[in-house]
Every structure is written in structure tokens, then in C-alpha cells.
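Bear in mind that the values here come from a model prediction, so they are computed numbers and not experimental data. Values below: all heavy atoms of this structure, side chains included; hydrogens, waters and symmetry mates excluded.
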Amino acid sequence: MQPATLHEPRHTHGQLLNQILEEHQHKEGNLLPILHAVQDQLGYIPEDLIAPIAQAINRSSAEIFGVISFYKHFRTQACGDIHIEFCQAEACQARGSKKVEQEVKHLLNAHWPDATVEPVYCLGLCAQGPAAMINQQPLARVTPSRIKAKIEGVVTCKA
């Protein structure tokens with residue numbers, strides 16, 4: 001049995017999806033590994049890949065979209081070059097995460113308006129809160145100045 005392939009040239013990510021499907025398509029419990037692989041490679045799951053994924057693993061597009069929308073980790077839109085996730089768990093809130101988040105959003109609007117800020121509900125740094133992730137790198141005891149320094153380091157590395 002051959003793995004499903006995308007025959008439609010309009011799919012800009014078709015070759016990548018074909019490689020991912022070739023690796024995961026015939027494995028049991030393949031949906032989450034496929035979604036993680038797509039997001040790991042592209043940074044998000046393009047909506048135009050939902051139907052081909054569904055077809056390849058014999059599921060409905062609604063089921064695939066339901067899984068994507070259920071898990072906060074998955075997204076269907078690309079985020080900016082700077083992606084910040086702020087912990088919203090009780091321990092971080094008790095240490096002032098909401099105030100820090102508001103100050104950081106103001107800083108981002110002034111200097112990096114294309115940055116993406118999203119809430120998460122535990123980063124596992126409860127004893128070191130407030131916590132955040134900046135481009136998949138954890139940062140404990142966050143303050144606006146620590147986040148600014150970290151972002152400037154990320155932006156400098158990308159230049």
C-alpha cells in the first residue's frame with residue numbers, strides 16, 4: 001500500500017506533508033505525531049493541509065480541526081518572529097504575571113508590533129514564576145527588562 005500523496009500543485013507545503021505522511025501514516029495513533037511534525041516544521045498547521053491529512057489517515061476534516069482547536073499548542077496561523085507564551089497558572093499569577101504581561105505587551109507594541117503573545121496554562125516553572133517562553137526557550141522570574149533583553153538577543157541572532 002502506497003502512502004497518500006498530494007497531487008494538487010496549489011499546496012505549497014505538499015512535499016513536506018508527503019514526507020511526514022510517509023513516516024507516520026500507517027502507524028497506530030498517528031494523528032498527533034503528524035500534527036506535531038507539521039507544526040514543528042512550519043511553525044503552524046496551515047488550514048489547507050487539514051483536508052489532505054484527514055484523507056490520508058481516513059478521518060474527517062472536522063475531526064482534525066477539532067483536535068487542533070482542542071490543544072492550545074497547535075495553531076492554524078503563523079506567528080511572528082517573536083513568539084511569547086505567558087504562563088497563566090495560579091502560581092505565576094500570584095507572582096504578578098498579569099502585570100508583567102501587560103507591561104510587556106506595551107513594550108512589544110512600541111518596538112516589535114509583529115510579535116505574537118499567547119497564554120499558556122503551565123510551563124512547569126511554578127517555583128520560579130512568573131514564567132514565559134520566548135521562541136520555545138523558557139524564562140523564569142520574568143520582568144519586562146529580562147524579556148526585552150531576551151528578545152533583543154533573539155532579534156540580533158536572526159539579523
Side-chain angles (χ1 to χ4, degrees), residues 6 8 10-21 23-24 30-54 61-159:
L6 300 175
E8 301 172 41
R10 65 183 165 87
H11 291 286
T12 58
H13 303 111
Q15 185 176 11
L16 171 66
L17 182 58
N18 287 337
Q19 292 170 351
I20 291 169
L21 290 173
E23 180 179 346
H24 298 287
N30 56 10
L31 178 55
L32 288 176
I34 289 169
L35 295 177
H36 278 289
V38 170
Q39 182 147 315
D40 288 348
Q41 291 293 315
L42 302 176
Y44 71 111
I45 302 166
E47 289 186 20
D48 66 340
L49 293 185
I50 293 174
I53 292 170
S61 292
E63 186 177 359
I64 306 303
F65 187 77
V67 170
I68 292 169
S69 62
F70 178 79
Y71 290 103
K72 185 68 180 150
H73 170 75
F74 296 125
R75 66 181 57 81
T76 56
Q77 302 292 318
C79 60
D81 286 341
I82 299 168
H83 181 225
I84 302 175
E85 298 169 292
F86 273 98
C87 182
Q88 302 296 314
E90 290 82 4
C92 285
Q93 285 187 39
R95 291 183 172 92
S97 66
K98 292 283 189 183
K99 182 176 187 236
V100 172
E101 180 182 5
Q102 291 306 314
E103 291 176 26
V104 168
K105 283 181 177 179
H106 180 72
L107 175 72
L108 293 172
N109 286 337
H111 299 283
W112 299 282
D114 63 334
T116 302
V117 178
E118 294 181 316
V120 292
Y121 295 93
C122 189
L123 292 171
L125 297 168
C126 302
Q128 301 174 43
M133 291 272 272
I134 301 175
N135 291 1
Q136 301 298 314
Q137 296 179 1
L139 187 63
R141 295 183 179 97
V142 296
T143 62
S145 61
R146 290 193 73 207
I147 288 183
K148 181 179 181 189
K150 185 76 166 176
I151 291 171
E152 287 172 343
V154 169
V155 171
T156 302
C157 291
K158 289 187 176 216

- prompt: What side-chain hydrogen bond (donor to acceptor under 3.5 Å, both in side chains) pairs are there with at least one residue in residues 30-39, not counting sequence neighbours?
  reply: none

query: So do Ile20 and Ile53 actually touch side chain to side chain, heavy atoms under 4.5 Å?
result: no

Counterpart residues, side-chain contact (heavy atoms from CB on, under 4.5 Å), relative to Ala91 (two or more places apart): Arg95, Cys126

message: So Cys87 and Leu125, do their side chains get closer than 4.5 Å, heavy atoms only?
response: no

- prompt: Does Pro52 reach the side chain of Leu17, with side-chain heavy atoms less than 4.5 Å apart?
  reply: yes

field: Any residue meeting salt bridge (charged side-chain N to carboxylate O under 4.0 Å, His left out) with Glu47, in chain and number order, not counting sequence neighbours
entry: none

- line: When rounded to the nearest 0.5 Å, the distance separating CD1 of Ile134 from NE2 of His83 is 11.0 Å

Partners meeting side-chain contact (heavy atoms from CB on, under 4.5 Å) with Lys99 (sequence neighbours left out): Glu103

query: Going by the salt bridge (charged side-chain N to carboxylate O under 4.0 Å, His left out) test, which pairs reach into residues 115-142, not counting sequence neighbours?
result: Arg75-Glu118

message: Lys148 vs Leu107, test: side-chain contact (heavy atoms from CB on, under 4.5 Å). Steps then yes/no.
response: CA-CA 8 Å; Lys148 181 179 181 189; Leu107 175 72; 3.7 Å; yes

task: Taking all heavy atoms of Ile68 and all of Phe74, pick out the closest pair and write down the distance.
output: O-CB, 3.7 Å

task: Nearest 0.5 Å please: distance from the CG atom of Leu32 over to the OH atom of Tyr71.
output: 5.0 Å

- request: Apply side-chain contact (heavy atoms from CB on, under 4.5 Å) to Ile64 and Ile45, showing your working.
  value: CA-CA 11 Å; Ile64 306 303; Ile45 302 166; over 6 Å; no

task: Locate the shortest heavy-atom distance separating Gly129 from Cys92; write the atom from each residue and the value.
output: CA-SG, 3.9 Å

- line: Residues at least two apart in sequence or cross-chain that pass side chain to side chain donor-acceptor pair (under 3.5 Å) with Lys98, listed by chain then number, are Gln88

- prompt: Just how far is it from atom CD of Glu101 to atom CG of Leu108, taken to the nearest 0.5 Å?
  reply: 10.0 Å

task: Go through the structure and list residues passing side-chain contact (heavy atoms from CB on, under 4.5 Å) with Pro46, not counting sequence neighbours.
output: His13, Val38, Leu42, Tyr44, Asp48, Leu49

query: Can you tell if the side chain of Val104 reaches within under 4.5 Å of the side chain of Phe86, non-hydrogen atoms only?
result: yes

- prompt: Taking atom NE2 of His24 and atom CG of Leu31, what is their separation to the nearest 0.5 Å?
  reply: 11.5 Å

- prompt: Do other residues, nucleotides or ligands put more than 12 heavy atoms under 6.0 Å from the OH atom of Tyr121?
  reply: yes

task: Only counting residues at least two apart or in another chain, list the ones meeting side-chain contact (heavy atoms from CB on, under 4.5 Å) with Thr143.
output: Ser145, Arg146

Worked verdict on Ile84 versus Trp112 for side-chain contact (heavy atoms from CB on, under 4.5 Å): CA-CA 12 Å; Ile84 302 175; Trp112 299 282; over 6 Å; no

message: What verdict does the side-chain contact (heavy atoms from CB on, under 4.5 Å) test give for Gln41 and Gln19, after you've listed the backbone C-alpha separation in whole Å, the side-chain angles of each residue and the deciding distance to 0.1 Å?
response: CA-CA 11 Å; Gln41 291 293 315; Gln19 292 170 351; over 6 Å; no

task: Indicate the atoms forming the closest heavy-atom contact of Val100 with Pro130, along with that distance.
output: CG2-CG, 4.4 Å

